[in-house]
Amino acid sequence: MRSMRTAAKIPIAHPIIGDEERQRVLEVLASGILVADRMVREFEEAFAAYIGVPHAVATSSGTTALQVALEALGIGEGDRVVTTPFTFAATSHAILHAGARPVFADVDPGTANLDPEAIEAAVRREGAKALLAVHLYGLPCDMDAIGETVRRHGLLLIEDCAQAHGAAYRGQKAGSFGHASIFSFYPTKNMTTGEGGMVLTSDPAVARRARLLVDPRTEGEYVYSVIGYNFRMTDVAAAMGPPQLRRLDRLNEARRRNARALTAAFSRLPWLAPPVEPEGATHVYTAYTVRVRDREPFMAHLAREGIDHKVFYPMLIPHTPAYRRLGFDGAFPVAEALTREVLSLPVHPALTDDDLHRVIEAVTTFRPR
Ligand SMILES: Cc1ncc(COP(=O)(O)O)c(C=O)c1O
C-alpha cells in the first residue's frame, strides 16, 4: 500500500480559476469601475440564457438571492413556506428574514430531497403560500410530483439551486421550473465568483422588484418605492462568471465521470450506500454523498488516508439552537437518520486519476466494526 505520509491531502473542493477569469478581473481593476456595471450585466444575460429563463438579477451571495426572491414574490408576514429541514441554514433563514414562517417537511431516504408526500401532508396540515425546494448535492427534486402539488394548491415555487448549476430534470434545467429560483457562486460550488448569487424569474414584475431590492438606486436618484438593500454583486466578482459558465458543462461532465467511477467501485460494499440518480434526473454532484451506518470510525480512517470529507449536514435546521428558541422542533425520522449517516467525499473536477484511485482505495480498504 502507498505511503500516505508523503501524499498530499485530497481536498473536498477545489475551485478552478482560469487565465480568462484572471484577465477579466484585471481588466475591471484597470477600468476603475468596480461596482455593478458591464460585467454584472453580461453575466446576468449569459446565466439567464444558460438556464433558459428570461430575467436574472445578480446578488452578493446565494443567501441574499434567497431573501430577494422571497420578498420579490410578495412572501412576508403571516405566510407559510414549506421547505426541507435538511439543508444549509440560509434556505430557511431567508424565510424568517422575509417575515414568513418555515414549515418543515421530511425528505426522501433515497435522494435526501423533499419527499413529495411529506410536502403534500405539510400543506394540507398547515396551509402554505409557497414551497422552497432545494436540489440537494446537485440532484434535482422530483419535479413531476412537486409540479402537481404546486398546481393543486396554487403555491408559489422557489427553487434553491445553490448546489445545482446545470442539473436537469427530464432535460429541463433546475432553476427554470419555479416562479423564481436562486443560485450561489460560493467557491465550493460547481462554478464560482468568489462570493455571489443570482435570482432568476420569468415574471418581469418579480424581476423588477428583485432588482430594486438588490439595488434601490436603479429606481432613480433618491426616489424609493421599495425598502431595498444593497445586495449587489461587484464587477470584480462578475468578471469571473462568464468564463466559469462556459466551462460548467465540461466540468459537470467530469464530476459525473468521477461519480460513476466511485459508485462502480463502491457498489459491492454492503456497509455503504452510494448516491442515486433517479430516472429523468441529471445529477451534477456538487457533493458526492454516501450513507454509512458507523460513520465515526470511517471518518477517522479517511483522515488517516489523507482524504478530505465533510458531513452535509450534521443537524436539522429546526433542531438548531436558534430555531429551537423560536419554538421550532418536530420529528423528521428520515432526515434525522441522514444527519447521522451521510458523508461527502471528493468528486470535484480537479481530481486526477491518481486522486480518484486514492479515494477508492481508502474507502474500499476500510473494515467496518
Ligand atoms: C442549499 C443552499 N442554499 C443557500 C446557500 C447560500 O449560498 P451562499 O453561501 O452563496 O450565501 C447555500 C450555500 O452554501 C446552499 O448550499
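Numbers here are sequence positions counted from 1. Indexing begins at 1, ligand by ligand and atom by atom, following the structure's order.
For the pair R101 and F328, the cation sits on the ring face: its NZ or CZ lies under 6.0 Å from the ring centre, inside 45° of the axis. The side-chain tip of K189 does not point at the ring of F183 from less than 6.0 angstrom away and within 45° of straight on.
Below 4.0 Å from some heavy atom of T87 lie the following atoms of ligand 1, by number and element: 1 (C). Under a 4.0 Å criterion applied to the non-hydrogen atoms of V134, ligand 1 contributes the atoms 1 (C).
The nearest protein atom to atom 3 (N) of ligand 1, hydrogens excluded, is given as D160 OD2, 2.7 Å; this is a heavy-atom distance. Atom 11 (O) of ligand 1 has its closest protein heavy atom at T63 OG1, 2.5 Å. Among protein heavy atoms, the minimum distance from atom 5 (C) of ligand 1 is reached at F88 CD2, 3.6 Å. For atom 14 (O) of ligand 1, the closest non-hydrogen atom on the protein side is K189 NZ, 2.8 Å. Q163 NE2, 2.8 Å is the protein heavy atom nearest to atom 16 (O) of ligand 1. For atom 2 (C) of ligand 1, the nearest protein heavy atom (residue, atom name, distance) is A162 CB, 3.4 Å.
For the pair R295 and E341, the salt-bridge criterion is not met [side-chain N within less than 4.0 Å of a carboxylate O].
Within the 6.0 Å centre-distance limit, the rings of F43 and F185 are counted as a close aromatic pair. Note: H348 and Y288 fail the aromatic proximity criterion, with ring centroids not under 6.0 Å apart.
Rounded to the nearest 0.5 Å, atoms OG (S61) and CE (M233) are 9.5 Å apart.
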